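See below for the structure under consideration.
Quick caveat, the model's predicted, so the values are computed rather than measured. The chains referred to below are lettered A, B, ... by the order of the sequence lines, with proteins before strands, and numbering in each begins at 1.
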Number of protein chains: 2
Amino acid sequence: MTEPQLGRQLLAAHRTLAAELVVELEERGWPELRASQASLVLNVDRRSGTRLTELARRAGVTKQAMMVVVDELEVRGFVRRTPDPDDGRAKVVRLTARGRTLGAECRRAVAAVEARTRRTLGGRRYEGLREALDLLLETEEETA
Amino acid sequence: MTEPQLGRQLLAAHRTLAAELVVELEERGWPELRASQASLVLNVDRRSGTRLTELARRAGVTKQAMMVVVDELEVRGFVRRTPDPDDGRAKVVRLTARGRTLGAECRRAVAAVEARTRRTLGGRRYEGLREALDLLLETEEETA
DNA sequence: GATGACCGTCAGGTTCGTTGACTTCCCGAG
DNA sequence: CTCGGGAAGTCAACGAACCTGACGGTCATC
């Protein structure tokens, strides 16, 4: 009975943090923005832009999954795809001006959520949590 | 950049544990059983059965969500719904004989996953993880 | 130059969950 | 005693975040 709770708690905690981030963004005037989208914005290199595959790698998901998020962000004008001059197959995802503004806001929102989490947990437990998750996923990766 | 990783890691860790549980169950001869289903089986009171709403409450989800899982388990003969003698509205979810056998297997599978997790994390970190999650979700609940 | 690997894409699925809108039934207050 | 609020289970529709598989171009190398 104890362990399925762990799995569930992990999911619940994920949802909680994601929801908090969304609220934080809303309060800052960026409504209808989801955590996955904010996360993507933060992963695009501000200067040179970043390829889709690289974004997927950073986020630890498939390129198909990442493409959906890029699509959404592109429609809303936060990001645009430009052909990669060095590679005809590739496209580079870049932030628009609006996207850069959003990026700044996202960093603040993320910091706020992190600070709140850290406060309710205490610094020690917070660090412990991060460490445990790092370890868990790292060793999973190796076995895979 | 640091925090959105936390949220994502929580999700990834959830998927990992759920997948491990499924594999564990498969290896024990119970294929095509998902983590949510196993979790439900473990939450049904072995003697008296449990109402749908109560199951939903225990799992921290809506009764609609819980109903789906009960439906699946009922179709496969692990569980059945009987009218509650004390309340004409309610039905009691009970394990069938096959369901009880599955329950025992689930407990073992869960224990195996837990043991493996504990081993990769170390007892100290494992306990810390659980504690952190408890705290995180508990205080979330209060604010809600 | 053919061959295999790689980039982005399209199409379709899966898992776990949600909100909203009933119907049926319980219960307590007027 | 009825009658109105509320709770139990259900039906339907949807959402978020993923996945696998299959392709058409492009690169890079042999």
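- Of the side-chain N and O atoms in B/Thr53, one or more sit less than 4.0 angstrom from OP1 or OP2 of D/dG9.
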Contact state string [nucleotides 23-30 of chain D, B base, S sugar-phosphate only, - no protein heavy atom under 4.0 Å]: --BBS---
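- As a whole-Å value, the separation of B/Met66 CE from C/dT15 C1' is 14 Å.
- When each of B/Arg81 and A/Ser36 is assigned the nucleotide of DNA chain D with its nearest heavy atom, B/Arg81 is the one assigned upstream, toward the 5' end.
- A donor-acceptor distance shorter than 3.5 angstrom exists from the side chain of A/Gln37 to the backbone of A/Arg34, with no hydrogens or angles considered.
- For B/Asp71 and D/dC11, the CG to C1' distance is 11 Å, given to the nearest whole Å.
- In this structure, the side chain to side chain contact (heavy atoms under 4.5 Å, CB included) partners of A/Arg108, at least two apart in sequence or on a different chain, are A/Arg28, A/Ala104, A/Glu105.
- Within the nucleic acid shown, B/Thr62 comes within 4.0 Å of at least one base atom, counting heavy atoms only.
- Distance, A/Leu17 CG to D/dA16 C1': 16 Å, rounded to whole Å.
- Judged by distance alone, the side chain of B/Arg58 and the main-chain N or O of B/Asn43 form a donor-acceptor pair under 3.5 Å.
- Rounded to whole Å, atom C1' of D/dA17 lies 8 Å from atom CZ of A/Arg34.
- Under 4.0 angstrom from either OP1 or OP2 of D/dC18 there lies at least one side-chain N or O belonging to B/Arg8.
- Using a 4.5 Å cut-off on side-chain heavy atoms (C-beta onward), A/Tyr126 and A/Glu114 make contact.
- For A/Glu20, the salt bridge (Lys or Arg N to Asp or Glu O under 4.0 Å) partners at least two apart in sequence or on another chain are A/Arg116.
- For C/dG12, the base has no donor-acceptor partner in the side chain of A/Gln64 [N/O atoms by modelled type, under 3.5 angstrom].
- In this structure, the side chains of B/Gln9 and A/Leu137 come closer than 4.5 Å at one or more pairs of heavy atoms.
- Residue B/Ala65 is classed as a base contact, given a heavy-atom separation below 4.0 Å to a base.
- Atom CG of A/Leu55 and atom P of C/dC6 are 18 Å apart (whole Å).
- Distance A/Met67 CE to C/dG8 P: 10 Å, rounded to the nearest Å.
- At whole-Å resolution of the value, CZ in B/Arg57 and P in D/dA7 are 15 Å apart.
- To the nearest angstrom, P of C/dT15 lies 16 Å from CG of B/Leu40.
- Distance check: A/Trp30 CH2 to A/Leu25 CG gives 8.5 Å after rounding to the nearest 0.5 Å.
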